[in-house]
K.L.:
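Below is a structure I'd like to ask you about.
For clarity, every value in this text was computed on a predicted model and none was experimentally measured. In this chain, numbering begins with 1 at the start of the sequence shown. In each ligand, atom 1 is the first atom listed, and ligand 1 is the first ligand listed.
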Amino acid sequence: MIKAKKKFGQNFLQDESIKNKIIESIPNGVKRIVEIGPGLGDLTQKLVKTNSQIDCFEIDGELYEILVDKFQDEISSKKLSISNCDALNAWDKISSSEYFLVANLPYYVATNMILKAIDDPNCKGLVVMIQKEVAIKFSAKDRDKEFSSLAILAALKGKCELLFDVPSTAFNPPPKVVSSVIRLVKDMDLSLDLDYAEFKNFLKAAFSAPRKTLLKNLSSLQSKEMLENLFAKFELNPTIRPHELSVALYLKIFKEATNERREQRKISCGKISYE
Ligand code: SAM
């Protein structure tokens, strides 16, 4: 009998109806599915019945041996591949061609994995089970108090929705928290005309103290005067909190702030050359 390893976040999904609901949530026409953490292969068993090519990445060597034995036929027919590795260190392989991510993710690295998938142009979307608290952060809409930088990064690529909750009784062993399944279908990319790394820094500052004002949070990046001008330009109340601003306004403020900084730099460079 296999003993679940806490260090790998192993909570095996047992509930048939939840497994079916996850499969039904995958959009039609997906050619390649990547599953991170196939575990004992319960979800994999259903994935191999779809029309997609399935590529799995499992960190646990003991489970890998079980999976290779269980899916001998699917592996020989090349319907399925299984790699024994840490998915975070194998992203080049995950991203070797376009894919849709489907997984009951290990909760200890779920946020990192979702962010990697969001940033990966070869990832066309995801249906993943994660801790409910994290699911809310990714799927929240502006003015929800949980609206976060994670929701903004997801929203740049498409619609992220919380599909349904999963009680801990659906797993063995049961996790201590409620889980939820989220879906992101990437149908746009608003990050393309941005300095994306800078935008992420900007969001980090904006949400650094979520209950403080946006003005205060952004003052670590911009001068007070520049911020006050920006807020006036976009008719924003100086007491606005970070969760109260829409994605569109975040983009506008960021672009405007970047332009202002460039102008300032030009002016100061100009000064240097005349002096
Ligand atoms: N998919 C199975 C299910 O639904 O029953 C198992 C899900 S369990 C929550 C998470 C799985 O991810 C485990 O099999 C665990 O060993 C695997 N895992 C944990 N960290 C991983 C990593 N960094 N890379 C790949 N797999 C990982």
K.L.:
I'd like to know whether ligand 1 has L88 as a neighbour, heavy-atom separation below 4.0 Å.
P.N.:
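Flag not set, L88 not near ligand 1.
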K.L.:
Tell me whether E58 has any N or O atom under 3.5 angstrom from an N or O of ligand 1.
P.N.:
yes
K.L.:
Under 4.0 Å from ligand 1, counting heavy atoms only, is it the side chain of M113, its backbone, both or neither?
P.N.:
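The answer is the side chain.
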K.L.:
Please work out whether any backbone atom (N, CA, C, O) or any side-chain heavy atom from C-beta onward of A103 is under 4.0 Å from ligand 1, and answer side chain, backbone, both or neither.
P.N.:
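Answer for A103: neither.
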K.L.:
Determine whether the side chain, the backbone, both or neither of L43 has a heavy atom under 4.0 Å from any heavy atom of ligand 1.
P.N.:
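Contact part for L43 vs ligand 1: neither.
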K.L.:
Applying ring pair (Phe, Tyr, Trp, His ring centres under 6.0 Å), can you list everything that pairs with F171, at least two apart in sequence or on another chain?
P.N.:
none
K.L.:
Does N112 use its side chain to pair, donor to acceptor, with the backbone of V109 at less than 3.5 Å?
P.N.:
no
K.L.:
For the residue pair F207 and F147, categorise the inter-ring angle as parallel (less than 30°), tilted (30 to 60°) or perpendicular (more than 60°).
P.N.:
perpendicular
K.L.:
How does K5 reach ligand 1, if at all, at less than 4.0 Å between non-hydrogen atoms: by side chain, backbone, both, or neither?
P.N.:
neither
K.L.:
With the threshold set at under 4.0 angstrom, would you say D86 reaches ligand 1 through any of its heavy atoms?
P.N.:
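The answer is yes: ligand 1 sits under 4.0 Å from a heavy atom of D86.
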K.L.:
Quick one: does A87 get an N or O within less than 3.5 Å of an N or O on ligand 1?
P.N.:
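The answer is yes, given that A87 and ligand 1 share an N or O pair closer than 3.5 Å.
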K.L.:
Between Y108 and ligand 1, is there a nitrogen or oxygen pair with a distance under 3.5 Å?
P.N.:
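Yes - when backbone and side-chain N and O of Y108 are compared with those of ligand 1, one distance drops under 3.5 Å.
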K.L.:
Between R183 and E161, is a salt bridge (Lys or Arg N to Asp or Glu O under 4.0 Å) present by the stated rule, with each step listed?
P.N.:
CA-CA 5 Å; R183 175 171 58 201; E161 34 183 355; 3.0 Å; yes
K.L.:
Of all residues at least two apart in sequence or in a different chain, which pass the side-chain contact (heavy atoms from CB on, under 4.5 Å) check with A209?
P.N.:
K212, N217
K.L.:
Measure F171 to ligand 1 on non-hydrogen atoms and call it side chain, backbone, both or neither using the 4.0 Å cut-off.
P.N.:
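For F171, there is no contact with ligand 1 at all, from either part.
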K.L.:
For atom 6 (C) of ligand 1, what's the nearest protein heavy atom and its distance?
P.N.:
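Ranked first by proximity to atom 6 (C) of ligand 1 is G37 O, 3.4 Å.
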K.L.:
Taking only Lys NZ, Arg NE, NH1 and NH2, and the carboxylate oxygens of Asp or Glu, determine whether D55 and K93 approach each other closer than 4.0 Å.
P.N.:
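A salt bridge is absent here (no side-chain N lies under 4.0 Å from a carboxylate O).
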K.L.:
Looking only at heavy atoms, is any part of N104 under 4.0 Å from ligand 1, and if so is it the side chain, the backbone, or both, or is it neither?
P.N.:
both
K.L.:
For E35 and T44, does a side-chain donor sit closer than 3.5 Å to a side-chain acceptor?
P.N.:
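Judged by distance alone, the side chains do pair up.
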K.L.:
Among protein heavy atoms, which lies nearest atom 19 (C) of ligand 1, and at what distance?
P.N.:
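Minimum-distance protein heavy atom for atom 19 (C) of ligand 1 reads F8 O, 3.1 Å.
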K.L.:
Name the option, out of N112, I59, I130, that contains the heavy atom nearest to atom 21 (C) of ligand 1.
P.N.:
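Answer by nearest heavy atom: I59.
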K.L.:
For a quick check under 3.5 Å, do N11 and Y107 share a side-chain donor-acceptor pair by atom type?
P.N.:
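No, because no side-chain N or O of N11 sits under 3.5 Å from a partner of the opposite role on Y107.
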K.L.:
Where's the contact between L63 and ligand 1, heavy-atom distance under 4.0 Å: side chain, backbone, both or neither?
P.N.:
side chain
K.L.:
Does NZ in K79 sit with more than 12 non-hydrogen atoms of other residues, nucleotides or ligands closer than 6.0 Å?
P.N.:
yes
K.L.:
Determine whether the side chain, the backbone, both or neither of F57 has a heavy atom under 4.0 Å from any heavy atom of ligand 1.
P.N.:
backbone
K.L.:
Under 4.5 Å between side-chain heavy atoms, hopping through other hydrophobics if needed: is there a path connecting I114 to F199?
P.N.:
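Yes.
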K.L.:
Ligand 1 and L13, any nitrogen or oxygen pair closer than 3.5 angstrom?
P.N.:
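Min N/O separation from ligand 1 is below 3.5 Å for L13.
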K.L.:
Do the side chain of Q10 and the main chain of K5 share a donor and acceptor less than 3.5 angstrom apart?
P.N.:
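Side chain of Q10 to backbone of K5: a pair is present.
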K.L.:
Looking only at distance, does G9 have an N or O less than 3.5 Å from an N or O of ligand 1?
P.N.:
no
